[in-house]
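Taking it in order: structure first as structure tokens, then the write-up.
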Amino acid sequence: MATAMEPRKTDIGPPHYEKFLPPIIKQNYGKWKYHEILKPGVMVHVGESGDKLFTVRAASPRLMGTPKIRKFAELADKYCGGYLRFTSRNNVEFLLTDEANIDPLIADLQGLGHAVGGIGNAISNIVHTQGWVHCHSAATDASGVVKCVMDDLHDYFTGKEIPGKLRIALACCLNMCGAVHCSDIAILGIHRRPPKIQGGLHKVCEVPNVVASCPTAAIRPATVDGAQSVEIDEENCMFCANCFSVCPALPMADALNDGLSIWVGGKVSNARAEPRFSKLAIPFLPNNPPRWPEVTDAVRNIVEVWIDGARKYERMGEFIDRIGWPKFFKLTGIEFQKEHIDDFKYAGLTYKRSAQIRHP
Amino acid sequence: MATAMEPRKTDIGPPHYEKFLPPIIKQNYGKWKYHEILKPGVMVHVGESGDKLFTVRAASPRLMGTPKIRKFAELADKYCGGYLRFTSRNNVEFLLTDEANIDPLIADLQGLGHAVGGIGNAISNIVHTQGWVHCHSAATDASGVVKCVMDDLHDYFTGKEIPGKLRIALACCLNMCGAVHCSDIAILGIHRRPPKIQGGLHKVCEVPNVVASCPTAAIRPATVDGAQSVEIDEENCMFCANCFSVCPALPMADALNDGLSIWVGGKVSNARAEPRFSKLAIPFLPNNPPRWPEVTDAVRNIVEVWIDGARKYERMGEFIDRIGWPKFFKLTGIEFQKEHIDDFKYAGLTYKRSAQIRHP
Amino acid sequence: MADSGGNGGTPMLDELEKGPWPSFVTEIKEIAKDKDVGKALLALLERSYHEKIGHWKHGGIVGVLGYGGGVIGRYSDLPDEFPDIAHFHTLRVNMPSGWFYTSDALRTICDIWDRHGSGLTNMHGSTGDIILLGTTTDELEPTFKELTDSGFDLGGSGSDLRTPSCCVGPARCEWACYDTLNLTNDLTQHFQDELHRPAFPYKYKIKAAGCPNDCVASVARADMSIIGTWRDEIQIDQAEVKAAAADGLNIERDVCSRCPTKCIEWDGSTLEIDDVNCVKCMHCINAMPKALRPGKDRGATILLGAKAPIVEGAMLSSVLVPFMKLEEPYDDLKDLIERIWDFWGEHGKNRERVGELIQRVGLGNFLEAIEVEPVPEMIAHPRENPYVFYEEYYEEDDEGEGE
Amino acid sequence: MADSGGNGGTPMLDELEKGPWPSFVTEIKEIAKDKDVGKALLALLERSYHEKIGHWKHGGIVGVLGYGGGVIGRYSDLPDEFPDIAHFHTLRVNMPSGWFYTSDALRTICDIWDRHGSGLTNMHGSTGDIILLGTTTDELEPTFKELTDSGFDLGGSGSDLRTPSCCVGPARCEWACYDTLNLTNDLTQHFQDELHRPAFPYKYKIKAAGCPNDCVASVARADMSIIGTWRDEIQIDQAEVKAAAADGLNIERDVCSRCPTKCIEWDGSTLEIDDVNCVKCMHCINAMPKALRPGKDRGATILLGAKAPIVEGAMLSSVLVPFMKLEEPYDDLKDLIERIWDFWGEHGKNRERVGELIQRVGLGNFLEAIEVEPVPEMIAHPRENPYVFYEEYYEEDDEGEGE
Ligand code: SRM
Ligand code: SRM
Ligand code: SRM
Ligand code: SRM
Ligand code: SF4
Ligand code: SF4
Ligand code: SF4
Ligand code: SF4
Ligand code: SF4
Ligand code: SF4
Ligand code: SF4
Ligand code: SF4
């Protein structure tokens, strides 16, 4: 089916990672013995051979232009034989063998505006998504909110002590590309208005698919102005936007009503408590660009309650397990509302089915 | 609407309990200070006044004729001023003030064939239901199985030491009148064949009600021999018998396929662990009257595994929590099967959603 | 094959007279000495044992005049072979609270039942009633008359309030946090109409336990579970704690380490409880009944919704009111019950228990309807899914309103 | 009201250049210096900030020849006002396993992207790809050509295998229980067709974590989560344990009492682990990296089914194979993956993730279909409801068979 005659390479897959491993890693691959955190953002891994690999981790906005990437490449050339990597939370890691290079590298990074930190019990980068920069589905911006929250929590990235790891994530709509559903603190963009049905729906969407997409069966086929379309039982809409995912003629975004919600207590590691979902802490905060003060305040408040109360290694969810949800609401001052009570399909399993209660 | 002219008393409610309380209880009502277990089946409650009330608890088959009840009444007259009560697990309790009467009472009770015991960390009476003695819905007998299991576990009623309380219950069908769903060990009668549709169904049942009764939508309206009836998609039937509850023309009982299942680890008290449901241990055991040896063996096996392994106060479910389900299956030798895996509506929440596993 | 139980004795049932546990077969045989109905039941049951199948049919609607509940109709499917038990209905007689009796009261019941029925009973049924097991349609009204003349009345069955029951409570238990017997009797009397005339979507059970040990299994078996508890400090007698330790109780291992919130500490000489974090589970009190007692500010937690598995799956009750003082005339509780029944009566589907209704409409909506404020004590944890039915939103022209 | 971002600068976005965290606005402005597309994006975003709404439309189907995935089409809803970003598609470029690069490799990518696109990227996307953010339809094929010429290829999008990703693993971590980078690269290469040509019911993500710390969040974010673990004893260096204690670690409080199964004990001089009850949670090892190490008999737990909430609610992956050795050529795992895909391909509904499929058909049936034996490690606990689909029953004439 190829239309051009020139040879065309496909299915070559990614470059083999070995090409990008520094020699010290090749030599100690699978033979690391232990690691130590030397200072904020700096750790050393010691091989069984005795070899030492130093890692310096720098903050990243994730959304970067080629000029910045070239600058990181330059720093890698200058200090680490040209080797670097990115982390699963989008930070940049420089891989050094010469301990003496650590401080100059840090100085250069800081000069570039990229703080060093995030290792150990710290608040690391916020996993996040596209927002208004690139996605059609966004109920809020992603990078903007992240910037504001990390500005505010910056000290906890660069070394201010906290009890354990704290992972924040943001997703700009319920699709949750940032997979925020298992984070210590999750920030989630939400719509709060049913989709607005556009004329000509039948031209761009299959009505049966649209009807089938709705988890709450709020969408019914209907004839509008003589054309096939749908009608929406607004009472039954919980704003998931799945209909919009399958049909562009059902836009959800609404400047007046879109906003954010805050979730707490999830984790993914198996350390101590099993992995678990985050739970709703604050049902709604307004979109207030450019600095989203309601969001930064809310996150800081929760972080501080955790820092004040958590024991060593205790993640947010483990901390709340210990003190109980009523106490969490009390300590944070968050008002408990109807919205906190689950009413989706497993709702009954979230009700308190025992008399084990802390009475005031 | 009354058809007779004679005065007819209605809505008088039960007799007031105060009429039946012995004087010592009236005097110490709400002012008991503590209790002590004196020996198997015997305890004393001490009032703030210093008064002592002795309780002797005797076994009961629950299904009793008036001759036996009259004999209990006689014993109450003889030893306790005519006062006695029954417990929430259908045992009989004699309420004594004179310690000297305890042993003669016990001797008389034993003479009657009613062992004394069941107090403290013991196996008490089995909560159960009607079975073939009175119910149309039964997949097994109730009193018969209970008799066999309690014969076998009798020592644990009369004083042989066990780690904590162990509550057994039996229900003869999924309606679970014995509310077995939260027992340390539950014995549950089960059907395993779809209902057999009887001719003339439309004469005794409303077809729409029948169709609506099925949780798995396995019942569809159909015309059979010219009359309104239903057809059943046997693949989708899980034998709950709810259709039979609303329609007598759909009998479930089937001599070849009815049988019993065994469930473990439930509890209702709030002590230590929260109340919880029992979980499936053995999917199917045959109906084997009159002594149901497969059931008595299965129950004894589980009881003994618990006794051998449980720590003090540890109920069955708490014990299994500690050792893990794989170990429970290993220790009991029960084969793990597909049937153990939930496939009803909350099934997904019973899957192991973490890598916290005991290997091998 | 062995005899099928017709006239050749009851070889299979006879096996159930062996062994140490009291035998229900012996009980039936005792009745069979005097009554044909007993003989017939034995023979039918023997047959069931041979055939591994029951021989009862769906009950028709039978009862006493003006009542809709209290009687379970039952017919044999072999009426020609067993005419004596062709009808074999049971009466559910409302027991006194706490199942206390005098010997005279028991004899009165026996007399009535010997005259009008099989002489067989269950002491008691799973809901708590005195079950009079087996009589004919004709005998129902006469039995009822004699019962009421002697001060007894029927309990519930069908879609009505079921006979409320309770633990022994303050009558004999030092841990009762409210008067379970009084409350149960009071509610039963107050709601006589709801008990006897089925007008609900389905059954409604109430069980009252004096403390979190829940000795009537209320959390598993009652639509409304009333569980005693306290709000202040556990009462500690330190001398008795030491005595318990001296007596061989390993307080650290068997008490403290079993506390669900680890809020209790024993340093070898003093027991300290961080009562703010105590969830009133009763364990430490259970383990040291002489040394510890519930606090003095007592009341109950009200929970709602338990039921057996049919149809939507079994449920335990869940917290509706974390703490309620329970004192005569119990108006708060009665009001609450009525608000619940009103909403359930209006919105409950046929055969929908109140717990199922709550799950269907959502606890939040249910609370609004019955006018109870949501509090975090009602939930194990807040929602995990983002499918929130936000109820208010701004219209283009009303920025500033809403929310 | 402030300027709407047309030609009057970007006052709102400028606010986001303040503060210590590196600014994405600065990044875009840097691009805007040379490229109109950067200027246009800034203006459009400023407008979104004013209006509190995005300005992108559903993407159409755009891509490179012969591939169905790897490109996300994106169009502005204000093409007339912002013609430079009327098309603004992204390319998902498959990153090297573990996100390792040389400076040269990065510069190669930058060169290509400066020539053919906006110059903006995400390093990296949430699934792990290098995201090249914003170009026109015309530029897709040329970009692709240069990428493959330089050794790069596209990643997944649409209903295909998504770009597998992994933690840093043995490259830099002492706890890796298998070679996460090698496995990830091997699977990616092996399943190139499934990655590039969407033919599944929906997306399928694979993430590989070297140990239960799960540093790629696989259990929450991958349909197939491969989590390293071990079967034998944790390796203990008692001298280092003492050193940790001497260093101020409260081993009893911060390690032992946090062990989920309480199978680890410290008597002040020796650390003892009851490995049979250890659930390999990593906590003690995390707390004392010099003293403890995973055992030597290493492999991985394979879990299945994680996904975000739409539609049936979020899921974590659940255990499919409690322990599997993972060694090249990984045939067992590849076979397993193919059996899963076969069943899913045949029975999965459109837009049904594999985790949803399992819940719909039942884990038991699913296991039968993919020929995996059920083991209790797969479940948190056995079923609580009695709604069992018994598959075998006796017919009247075949007593003795069945079961
Ligand atoms: C570099 C990175 C892996 C990668 O391939 O990129 C990584 C690297 C390490 N992780 Fe991690 N983790 C990385 C993401 C994660 C994630 C995933 C995530 O955050 O989305 C998790 C799961 C978090 C969760 O549960 O929500 C994670 C949970 C852990 C844990 C368990 C912490 C806990 O108590 O729950 C440890 C153990 C510890 O820190 O003691 C750990 C420990 C480590 C160690 C110490 C492992 C080692 O010996 O090298 C590494 C140094 C880390 C540090 O940041 O403290 N790593 N680690 C990731 C760095 C992200 C970043 O830039 O901050
Ligand atoms: C008499 C009775 C109440 C009644 O009104 O009839 C009763 C009476 C007492 N119970 Fe109970 N419980 C009675 C049914 C229950 C039930 C309900 C049931 O079994 O269906 C439970 C919940 C069981 C469950 O969780 O599944 C129950 C859970 C307890 C507990 C908590 C045990 C635990 O560790 O979980 C205690 C505390 C203890 O034993 O230390 C307790 C303690 C007591 C004490 C010691 C209370 C007291 O101070 O008087 C009483 C003496 C008991 C004994 O049997 O050890 N009682 N107790 C019931 C006797 C039933 C029988 O004949 O065996
Ligand atoms: C007599 C008794 C069993 C016993 O031997 O003790 C009993 C017997 C019957 N129950 Fe029950 N239930 C009895 C307590 C229970 C309990 C336990 C409890 O109340 O603590 C339960 C479980 C708790 C609950 O209410 O959910 C119970 C859950 C059911 C159900 C399932 C209801 C549900 O919502 O899931 C049914 C089916 C129905 O209502 O159609 C049922 C239906 C029946 C019927 C009426 C059969 C029917 O479908 O018509 C049984 C009549 C048997 C007979 O012929 O005598 N019975 N039933 C109990 C009542 C005695 C009493 O009044 O004291
Ligand atoms: C680019 C990326 C976000 C980011 O900024 O990093 C992304 C962006 C989009 N995701 Fe995603 N998803 C991205 C990772 C994820 C993840 C996280 C992960 O893979 O670890 C998830 C949650 C995990 C999961 O798969 O469940 C995720 C769950 C979704 C969903 C919900 C799927 C579901 O089954 O619930 C959708 C909706 C859909 O598929 O229709 C979605 C759909 C989308 C679409 C294609 C919007 C759409 O409906 O067409 C977004 C395009 C944005 C754009 O214009 O560029 N995206 N998406 C991530 C991919 C980058 C990469 O390849 O590396
Ligand atoms: S979370 Fe929603 S809005 Fe954000 S990138 Fe994903 S699909 Fe788009
Ligand atoms: S947003 Fe969700 S709930 Fe609302 S109509 Fe669309 S699919 Fe249905
Ligand atoms: S459990 Fe079933 S068979 Fe037994 S009495 Fe109740 S309804 Fe009848
Ligand atoms: S027994 Fe239950 S599942 Fe089977 S047809 Fe009847 S109602 Fe449906
Ligand atoms: S529930 Fe509490 S108050 Fe009632 S008998 Fe049991 S222990 Fe005593
Ligand atoms: S009652 Fe329970 S929670 Fe309270 S201190 Fe005692 S053991 Fe702990
Ligand atoms: S998951 Fe385990 S092996 Fe991989 S980087 Fe994290 S700690 Fe190391
Ligand atoms: S790895 Fe976890 S479970 Fe195992 S001993 Fe260490 S802390 Fe305990």
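Protein chains get the first letters and strands the later ones, always in sequence-line order, with residue 1 at the start of each. Because the structure is predicted, anything quoted here is derived from the model rather than measured.
Under a 3.5 Å cut-off, the side chain of D:T121 and the backbone N or O of A:M64 do form a donor-acceptor pair. Put simply, the side chain of D:Y178 gets close to the backbone of D:A209: a donor and an acceptor are under 3.5 Å apart. Checked by atom type and distance alone, the side chain of D:T148 never pairs as donor or acceptor with a backbone atom of D:D153 at under 3.5 Å.
A salt bridge is defined here as a Lys NZ or Arg NE, NH1 or NH2 lying under 4.0 Å from an Asp or Glu carboxylate O, and A:K68 with D:E27 meets this definition.
Neither the backbone nor the side chain of A:I24 comes within less than 4.5 Å of any heavy atom of chain D. Residue contact with chain A, scored on non-hydrogen atoms closer than 4.5 Å, involves the backbone of D:D193 exclusively. Contacts of A:Q130 with chain D are made by side-chain atoms alone, with heavy-atom separations under 4.5 Å and no backbone atom involved. Contact annotation for D:C211: neither backbone nor side-chain heavy atoms come within less than 4.5 Å of a heavy atom of chain A. Looking at A:L174, the atoms closer than 4.5 Å to chain D (heavy atoms on both sides) sit in the backbone and in the side chain alike. Of the atoms belonging to D:Q189, it is side-chain heavy atoms, and not backbone ones, that fall under 4.5 Å from chain A. Looking at A:V133, both its backbone and its side chain come within 4.5 Å of chain D, counting heavy atoms on both sides. With a 4.5 angstrom heavy-atom cutoff, A:K267 does not touch chain D via any of its atoms. In this structure, chain A has heavy atoms under 4.5 Å from both the backbone and the side chain of D:S97. Both the backbone and the side chain of D:L120 come within contact range of chain A, each with at least one heavy atom under 4.5 Å from a heavy atom of that chain. Interface residue D:R293: only side-chain heavy atoms are found under 4.5 Å from chain A. Proximity to chain D (any heavy atom under 4.5 Å) is shown, for A:F86, by both the backbone and the side chain. For chain D, the nearby part of A:M43 is the side chain; its heavy atoms alone come within less than 4.5 Å. Within the 4.5 angstrom heavy-atom criterion, only side-chain atoms of A:H154, from C-beta onward, approach chain D. Proximity to chain D (any heavy atom under 4.5 Å) is restricted, for A:H128, to the backbone atoms N, CA, C and O. In this structure, chain A has a heavy atom under 4.5 Å from the side chain of D:V219, while its backbone stays farther away. Using a 4.5 Å cut-off between heavy atoms, D:Y75 makes no contact with chain A at all. The contact between A:E93 and chain D is made entirely by side chain atoms (from C-beta outward), counting heavy-atom distances below 4.5 Å. Both the backbone and the side chain of A:H134 come within contact range of chain D, with heavy atoms under 4.5 Å apart. With a 4.5 angstrom heavy-atom cutoff, D:L181 touches chain A via backbone and side-chain atoms both. In this structure, no portion of A:D152 lies under 4.5 Å from any heavy atom of chain D. Using a 4.5 Å cut-off between heavy atoms, D:L16 touches chain A through backbone and side chain atoms alike. Heavy-atom distances place both the backbone and the side chain of D:H124 under 4.5 Å from chain A. In this structure, no portion of A:R89 lies under 4.5 Å from any heavy atom of chain D. For D:L249, the part lying under 4.5 angstrom from a heavy atom of chain A is the side chain only. Only the backbone of A:T87 comes within less than 4.5 Å of a heavy atom in chain D; its side chain stays farther off.
D:N213 and A:S269 form no side-chain donor-acceptor contact under 3.5 Å, judged by distance and modelled atom types alone.
In terms of heavy-atom pairs under 4.5 angstrom with chain D, the leader among A:G81, A:P14, A:P251, A:G266 is A:P14. Looking only at heavy-atom pairs under 4.5 Å with chain D, the residue among A:C214, A:A59, A:A76, A:P67 that has the most is A:A59. Contact count against chain D (heavy-atom pairs under 4.5 Å) is highest for A:R291 among A:R291, A:R311, A:H114. For the set A:N270, A:D11, A:V246, the entry with the most heavy-atom pairs within less than 4.5 Å of chain D is A:D11. Interface check for chain D: of the options A:G30, A:A271, A:P248, A:C148, the most heavy-atom pairs under 4.5 Å are formed by A:P248. Taking D:D214, D:L13, D:I310 one by one and counting their heavy-atom pairs under 4.5 Å with chain A, the maximum is reached by D:I310. If you tally non-hydrogen atom pairs under 4.5 Å between each of A:W132, A:F157, A:F277 and chain D, the highest count goes to A:W132.
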message = Go through it in stages, so that I can follow the logic: the residues are A:C247 and A:C205, the test is disulfide bond (SG atoms under 2.5 Å apart), and I'd like the CA-CA distance, side-chain angles, deciding distance and then a yes or no.
response = CA-CA 5 Å; A:C247 174; A:C205 319; 2.1 Å; yes

ask   = Where do D:H58 and A:F244 land on the ring-ring contact (aromatic ring centres under 6.0 Å, His included) test, with the steps shown first?
value = CA-CA 9 Å; D:H58 250 268; A:F244 175 57; 4.8 Å; yes

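Here NZ of D:K52 is found 10.5 Å from CG of A:D258. Values are rounded to the nearest 0.5 Å.
Taken as a pair, A:C172 and A:C177 fail the criterion of an SG-SG distance shorter than 2.5 angstrom.
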